Number of protein chains: 2
Amino acid sequence: MAMNPADATIDADELLALRLRALAHPARLAILRALAQTERCQCGQIVRGLTLAQSTVSQHLKVLKEAGLITGTIEGPRSCYCLDRETVAMLADELLPLLDLLAAAPAQGSGADNPDPRADALV
Amino acid sequence: MAMNPADATIDADELLALRLRALAHPARLAILRALAQTERCQCGQIVRGLTLAQSTVSQHLKVLKEAGLITGTIEGPRSCYCLDRETVAMLADELLPLLDLLAAAPAQGSGADNPDPRADALV
DNA sequence: ATCGTTTATCGTCGATAGACGATGATTTCA
DNA sequence: TGAAATCATCGTCTATCGACGATAAACGAT
């Protein structure tokens, strides 16, 4: 999955950001939810379900596909899109620990009163 | 949290997309991780930890603040930023069911061979 | 009162996102 | 073979992002 050359020099955070960015649009959220229900979905069905032009929907599908969240196969004159549930699960596995880390109390020793917390841990 | 007037006409997906978009940048991920460690962090520490101009970091902080993910308070000549762990937790609570839904097998009855799946469930 | 420090904001620039219509490619059906 | 349907891609337009330097604002220290 995701073997196009542009990914060669992508670090983990860039890939995560790419996928989050793919999620970060109401139309794409709607598309993903629709795919979650029907498993296989033709482009036209998605277009009819949204109030967007066909070309716009096609571009959203392309973004989702480039992020690896969906797969698209051509079937005759139409295209069949499917969720890539494996990639979604991988994203979840990456995202949940991160959100846990962010929501949890900070590690001991770097309390609020520390006048000199190391900021070098950033990069 | 997030009471600025622009939010008045925002639906749930737009708010979710706004927050995902705030997450979807490597620099902002790094900032959030740093804040997770130290709880209270001055802007200057974050700037020194990244290889970005101070003004750029300030803009990233603004994006995170507008998404409600962090809070910023002025303390004398400097600013103290904190994670809004409550909002992060709320985001996680919204995101996890969504990712579960996307990663899980589709609901029965809308199988692959159904020639006429309803697509109206989209909007 | 002035200077230095720290941070936010402004203005600018190039790049990208998001929308659309038009066009093209491909396949099915008559 | 020709016509219709379906979808991807192209070109265009506007708006926003992401980066920077320069500047302004706020405060502490001298």
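Chain letters run A, B, ... following the sequence lines, proteins first and then strands; every chain starts at 1. Being a predicted model, the structure only gives us computed values, none of them experimental.
- Salt bridge present: A:Glu75 and A:Arg40 bring a charged side-chain N and a carboxylate O closer than 4.0 Å.
- Using a distance-only test at 3.5 Å, with no hydrogens or angles considered, a donor-acceptor pair links the side chain of A:Thr87 to the main chain of A:Gly68.
- Pairing each heavy atom of B:Ala27 with each of B:Leu50, the nearest pair is O-CD1, 4.5 Å.
- In summary, of the residues considered (B:Arg28, B:His25, B:Arg33), a side chain to side chain donor-acceptor pair (under 3.5 Å) with A:Asp13 occurs for B:Arg33 alone.
- In this structure, B:Leu52 reaches the sugar-phosphate backbone alone: every heavy-atom distance under 4.0 Å involves primed, P, OP1 or OP2 atoms, never a base.
- Put simply, the side chain of B:Thr56 and the base of D:dG18 share no donor and acceptor less than 3.5 Å apart.
- B:Asp100 is linked by a salt bridge (Lys or Arg N to Asp or Glu O under 4.0 Å) to nothing, counting only residues two or more places apart in sequence or in another chain.
- Mapping heavy-atom proximity under 4.0 Å, the span of DNA chain C touched by chain B runs 5' to 3' from C:dT6 to C:dT9.
- With D:dA8, D:dG21, D:dT9 as the candidates, the nucleotide lying closest to the side chain of A:Gln54 is D:dA8.
- Atom NZ of B:Lys62 is separated from atom P of D:dC20 by 17 Å (rounded to the nearest Å).
- The residue A:Ser79 sits close only to the backbone: its heavy atoms come under 4.0 Å of sugar-phosphate atoms, none of a base.
- Contact detail for A:Leu83 and B:Leu102: the closest heavy-atom pair is CD1-O, 3.4 Å.
- Checking A:Pro77 against A:Arg21, the closest nucleotide of DNA chain C that is more toward the 5' end is the one next to A:Arg21.
- Put simply, B:Arg28 has a side-chain N or O that comes within less than 4.0 Å of OP1 or OP2 on D:dG18.
- Formation of a donor-acceptor pair under 3.5 Å by the A:Arg85 side chain with backbone atoms of B:Ala104 is found in this model.
- Counting only distance, with no hydrogens or angles, the side chain of A:Gln37 and the backbone of A:Ala34 share no donor-acceptor pair below 3.5 Å.
- Contacts of A:Gln59 with the nucleic acid, taken as non-hydrogen atoms under 4.0 Å apart, include base atoms.
- As rounded to whole Å, 15 Å separates atom P of D:dT6 from atom OH of A:Tyr81.
- Here D:dG18 presents its P atom at 12 Å from CG of B:Leu23, a figure rounded to the nearest Å.
- Heavy-atom contacts from other residues, nucleotides or ligands closer than 6.0 Å to CD1 of B:Ile74 number 12 or fewer.
- Comparing the end axes of the helix from C:dA1-D:dT30 to C:dA30-D:dT1, each fitted to five base pairs by superposing C1' atoms of four pairs onto the next four, gives an inter-axis angle of 10° (nearest 10 degrees).
- Rounded to an integer number of Å, the gap from A:Glu75 CD to D:dC7 P is 10 Å.
- Between the NE2 atom of A:His60 and the C1' atom of D:dT9 there is a distance of 16 Å, rounded to whole Å.
- Where A:His25 and A:Ser55 meet DNA chain C, the nucleotide closest to each residue was compared, and A:His25 sits on the side nearer the 5' end.
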